[in-house]
Asks: 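Structure in structure tokens, see below.
In this text the structure is predicted, and so the values were computed from the model without any measurement. Count residues from 1 along the sequence.
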Amino acid sequence: MRKREKLKLTNISLIAEMPIGWEIKKVKHVLYEISNKSESGLEDLLSLSQYTGVELKRDKKKNENDNLTNASSLIGYKIVKINQLVNNIMLAWNGSMAISNYEGIISPAYCIYEFRKDYNPKFFEYLFKTETYKAEFKRKSTGIIESRLRLYSDKFYNIHCVVPSLEEQNKIVEFIEFKQKQIQNLIKYTNVIFGKTNPKTGLLKEYINTLIFNLVTGKIDVRDYEIPELNFEANELEKFNYLNEEEEELDKVEEDSEGMEIE
């Protein structure tokens with residue numbers, strides 16, 4: 001990868017410069033809202049997290065007695081398909097939107113968007129989760145206080161985004177996923193050595209966030225970068241899991257000790 005030298009000025013304040021050949025488009029030209037609702041309520045129930053994205057709700061159950069939902073019926077819940085964007089309009093400003101890897105249903109309070117032709121949904125997920133775009137979502141949201149902010153579709157549609165060719169979108173997504181795997185493995189490796197409180201973890205996460213921003217805004221060029229095979233797998237660290245378990249046990253002992261009253 002290399003720094004891109006030739007950038008041109010944009011006519012939007014959100015992103016001042018972009019590569020020659022990239023376009024500026026409003027969100028409404030990239031995706032559109034759909035609202036298909038379940039007639040049976042029997043599809044897999046999904047959930048959305050700003051940290052882990054769209055997940056199967058059943059995978060988050062702590063035990064078999066946990067309820068998937070308190071709703072009496074899931075009829076009318078919105079249908080979600082793979083590669084659609086799910087947006088929690090109340091928390092869009094905090095990064096609570098993601099591309100779904102699952103088919104299922106989700107609360108009707110969420111907005112579901114389908115991408116138009118020749119767009120890589122993951123590229124826009126990475127773009128929309130940058131601090132720059134989260135701040136823009138907050139500015140465009142409607143509400144008096146932070147806990148009541150809502151990013152409605154009409155406001156979302158009019159936000160500008162930078163758009164490379166589909167080929168370059170694909171390459172950027174491939175590169176980001178490669179770097180994320182590298183960082184995840186490195187975090188696990190350093191945690192084995194330094195423990196869960198390893199200060200390097202925060203720096204590594206800051207590094208990947210900065211790298212993603214520079215990639216999706218075109219400051220870094222990866223078009224000619226040959227992505228290598230990862231020669232290190234995180235499962236190589238499984239034999240050291242007992243170290244993390246011992247550290248967790250020690251933490252619990254310390255917490256229990258601090259909570260005891262001295263007679």
Asks: Indicate the atoms forming the closest heavy-atom contact of Ser153 with Cys111, along with that distance.
Replies: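 That closest heavy-atom pairing would be OG-SG, 4.0 Å.
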Asks: Determine whether Arg4 and Arg223 make a side-chain contact, defined as any pair of heavy atoms from C-beta on separated by less than 4.5 Å.
Replies: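 They are in side-chain contact.
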Asks: Output the distance between atom CD1 (Ile212) and atom CD1 (Ile172), rounded to the nearest 0.5 Å.
Replies: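 Those atoms lie 11.5 Å apart.
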Asks: Applying a strict under-4.5 Å side-chain criterion to I, L, V, M, F, W and Y, I'd like to know whether Leu85 and Met90 cluster together.
Replies: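 No, it is not one cluster - the side chains of Leu85 and Met90 are not joined through contacts under 4.5 Å.
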Asks: Heavy-atom distance under 4.5 Å between the side chains of Thr132 and Leu14, does that happen here?
Replies: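 Sidechains of Leu14 and Thr132: in contact.
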Asks: Crowded around Lys140 NZ? As in, over 12 foreign heavy atoms under 6.0 Å?
Replies: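 No.
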Asks: In this structure, would Leu127 and Phe213 fall into the same cluster of hydrophobic residues linked by side-chain contacts under 4.5 Å?
Replies: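 They do not share one cluster, since no chain of ILVMFWY contacts under 4.5 Å joins Leu127 to Phe213.
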Asks: When you measure from the side chain of Arg148 to the backbone N and O of Gly143, does any donor-acceptor pair fall under 3.5 Å?
Replies: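 Looks like no, no N/O pair under 3.5 Å.
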Asks: Determine whether Ile89 and Phe128 fall in the same hydrophobic cluster, where Ile, Leu, Val, Met, Phe, Trp and Tyr are linked whenever their side-chain heavy atoms lie under 4.5 Å apart.
Replies: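 Each belongs to a different hydrophobic cluster.
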Asks: So, are Glu131 and Lys134 salt-bridged, with charged N and O less than 4.0 Å apart?
Replies: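 Here Glu131 pairs with Lys134 in a salt bridge, since their nearest N and O are under 4.0 Å apart.
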Asks: Around atom CD of Glu177, are there more than 12 heavy atoms from other residues, nucleotides or ligands closer than 6.0 Å?
Replies: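 Yes, the 6.0 Å shell around CD holds more than 12 heavy atoms from other groups.
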Asks: For residues Gln182 and Lys179, is any side-chain donor paired with an opposing acceptor at under 3.5 Å?
Replies: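 A pair is found: one side chain offers a donor N or O, the other an acceptor, under 3.5 Å apart.
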Asks: Taking Lys78 for the side chain and Tyr110 for the main chain, is one N or O donor matched with an acceptor at less than 3.5 Å?
Replies: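 It does hold such a pair.
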Asks: Please give me the minimum heavy-atom distance between Lys129 and Gln50, naming the atom from each residue.
Replies: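 Scanning both residues completely, I find the closest heavy atoms to be NZ-O, 3.3 Å.
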Asks: What's the verdict on side chain to side chain contact (heavy atoms under 4.5 Å, CB included) for Glu168 and Trp22, showing C-alpha distance, side-chain angles and the deciding distance?
Replies: CA-CA 10 Å; Glu168 192 165 358; Trp22 286 34; 3.2 Å; yes
Asks: With a 3.5 Å distance limit and no angle check, can you tell me whether Gln84 reaches the backbone of Lys81 through a side-chain donor-acceptor pair?
Replies: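 Pair found, side chain donor or acceptor close to backbone of Lys81.
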Asks: Kindly indicate, with the supporting measurements, whether the criterion side chain to side chain contact (heavy atoms under 4.5 Å, CB included) is fulfilled by Met18 and Lys8.
Replies: CA-CA 6 Å; Met18 69 177 184; Lys8 65 179 181 180; 3.3 Å; yes
Asks: Relative to the ring of Tyr225, is the ring of Phe175 parallel (under 30°), tilted (30 to 60°) or perpendicular (over 60°)?
Replies: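 Ring orientation, 0 to 90° scale: perpendicular.
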Asks: Do the side chain of Arg116 and the main chain of Lys28 share a donor and acceptor less than 3.5 angstrom apart?
Replies: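 At least one qualifying donor-acceptor pair exists.
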Asks: If you group Ile, Leu, Val, Met, Phe, Trp and Tyr by side-chain heavy-atom gaps below 4.5 Å, do Leu48 and Ile34 land in one group?
Replies: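 Result: yes, single cluster for both.
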Asks: What distance do Ile183 atom CD1 and Asn209 atom CG have between them, rounded to the nearest 0.5 Å?
Replies: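 That separation rounds to 10.0 Å.
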Asks: Please round to the nearest 0.5 Å and tell me the distance separating atom CG of Leu151 and atom OG of Ser141.
Replies: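 These two atoms lie 4.5 Å from each other.
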Asks: On a heavy-atom basis, which atom in Phe115 and which in Asn83 lie closest, and how many Å separate them?
Replies: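 So the two residues come closest at CD1-O, 3.8 Å.
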Asks: State yes or no: do Ile208 and Ile227 share one hydrophobic cluster built from I, L, V, M, F, W and Y residues joined by side-chain heavy-atom distances below 4.5 Å, directly or via other members?
Replies: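 Yes.
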Asks: Quick check: closest heavy atoms across Leu7 and Pro19, and the distance to 0.1 Å?
Replies: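 That would be CD2-N, 3.6 Å.
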Asks: I want to know whether Tyr157 and Tyr32 have ring centres closer than 6.0 Å.
Replies: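 No, the ring centres sit 6.0 Å or more apart.
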Asks: Given 3.5 Å as the limit, does a donor-acceptor pair link the side chain of Thr10 with the main chain of Ile15, or not?
Replies: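 Yes: the side chain of Thr10 pairs with the backbone of Ile15.
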Asks: Is any side-chain heavy atom of Glu43 less than 4.5 Å from a side-chain heavy atom of Glu103?
Replies: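 When only atoms from C-beta onward are counted, Glu103 and Glu43 do not touch, as no gap falls below 4.5 Å.
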Asks: What is the distance from atom OH of Tyr133 to atom CD of Glu136, rounded to the nearest 0.5 Å?
Replies: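 Reported to 0.5 Å precision, the distance equals 8.0 Å.
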Asks: Are Phe137 and Met97 close enough that some pair of their side-chain heavy atoms sits under 4.5 Å apart?
Replies: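 Of all side-chain heavy-atom pairs linking Met97 with Phe137, at least one is under 4.5 Å.
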Asks: How about CD1 on Ile144, more than 12 heavy atoms from neighbouring residues, nucleotides or ligands closer than 6.0 Å, or not?
Replies: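 Result for CD1/Ile144: open.
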Asks: Within the side chain of Lys57, is there an N or O that forms a donor-acceptor pair under 3.5 Å with the backbone of Ser47?
Replies: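 Side chain of Lys57 to backbone of Ser47, a donor-acceptor pair under 3.5 Å: no, none is there.
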Asks: At what distance, to the nearest 0.5 angstrom, does OG of Ser38 lie from CD1 of Ile106?
Replies: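 Reported value, rounded in 0.5 Å steps: 13.0 Å.
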Asks: Test of understanding: with side chain to side chain contact (heavy atoms under 4.5 Å, CB included), list the residues that count as partners of Leu91, not counting sequence neighbours.
Replies: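 Partners of Leu91 under the side chain to side chain contact (heavy atoms under 4.5 Å, CB included) test: Asn88, Trp93, Ser96.
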Asks: Under the ring pair (Phe, Tyr, Trp, His ring centres under 6.0 Å) test, which residues partner Phe123, sequence neighbours left out?
Replies: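 Once residues adjacent in sequence are excluded, Phe123 has no partner under the ring pair (Phe, Tyr, Trp, His ring centres under 6.0 Å) criterion.
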Asks: Considering non-hydrogen atoms only, spot the tightest contact between Asn120 and Leu166 and give its length.
Replies: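 Closest approach of Asn120 to Leu166: N-CD1, 3.8 Å.
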Asks: With a 4.5 Å cut-off on side-chain heavy atoms, are Tyr113 and Val30 touching?
Replies: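 Not touching, per the 4.5 Å side-chain cut-off.
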Asks: With rounding to the nearest 0.5 Å, note down the distance linking CD1 in Ile12 to CD1 in Ile24.
Replies: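 Reported to 0.5 Å precision, the distance equals 3.5 Å.
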Asks: Quick one: does Val222's side chain get under 4.5 Å of Glu174's, heavy atoms only?
Replies: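 They are not in side-chain contact.
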Asks: So for atom NZ, which belongs to Lys37, do other residues, nucleotides or ligands contribute more than 12 heavy atoms lying within a distance under 6.0 Å?
Replies: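 Not buried by this count: 12 neighbours or fewer within 6.0 Å.
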Asks: Run the side chain to side chain contact (heavy atoms under 4.5 Å, CB included) test on Leu46 and Leu56 for me, step by step, so that the C-alpha distance in whole Å, both residues' side-chain angles and the decisive distance to 0.1 Å come before the verdict.
Replies: CA-CA 5 Å; Leu46 305 175; Leu56 291 168; 3.6 Å; yes
Asks: Given the ring of Tyr126, does Lys122 sit roughly above its face, with NZ or CZ under 6.0 Å from the centre of the six-membered ring and within 45° of the axis?
Replies: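 The answer is yes, since Lys122 meets both limits relative to Tyr126.
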Asks: Quick one, Asn101 and Val54 - any side-chain contact, counting heavy atoms below 4.5 Å?
Replies: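 A side-chain contact is absent here, since even the closest heavy-atom pair is not under 4.5 Å.
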Asks: Assign the ring pair Tyr119 / Phe124 to parallel, tilted or perpendicular, where the plane angle (0 to 90°) is split at 30° and 60°.
Replies: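 The arrangement is perpendicular - the two ring planes meet at more than 60°.
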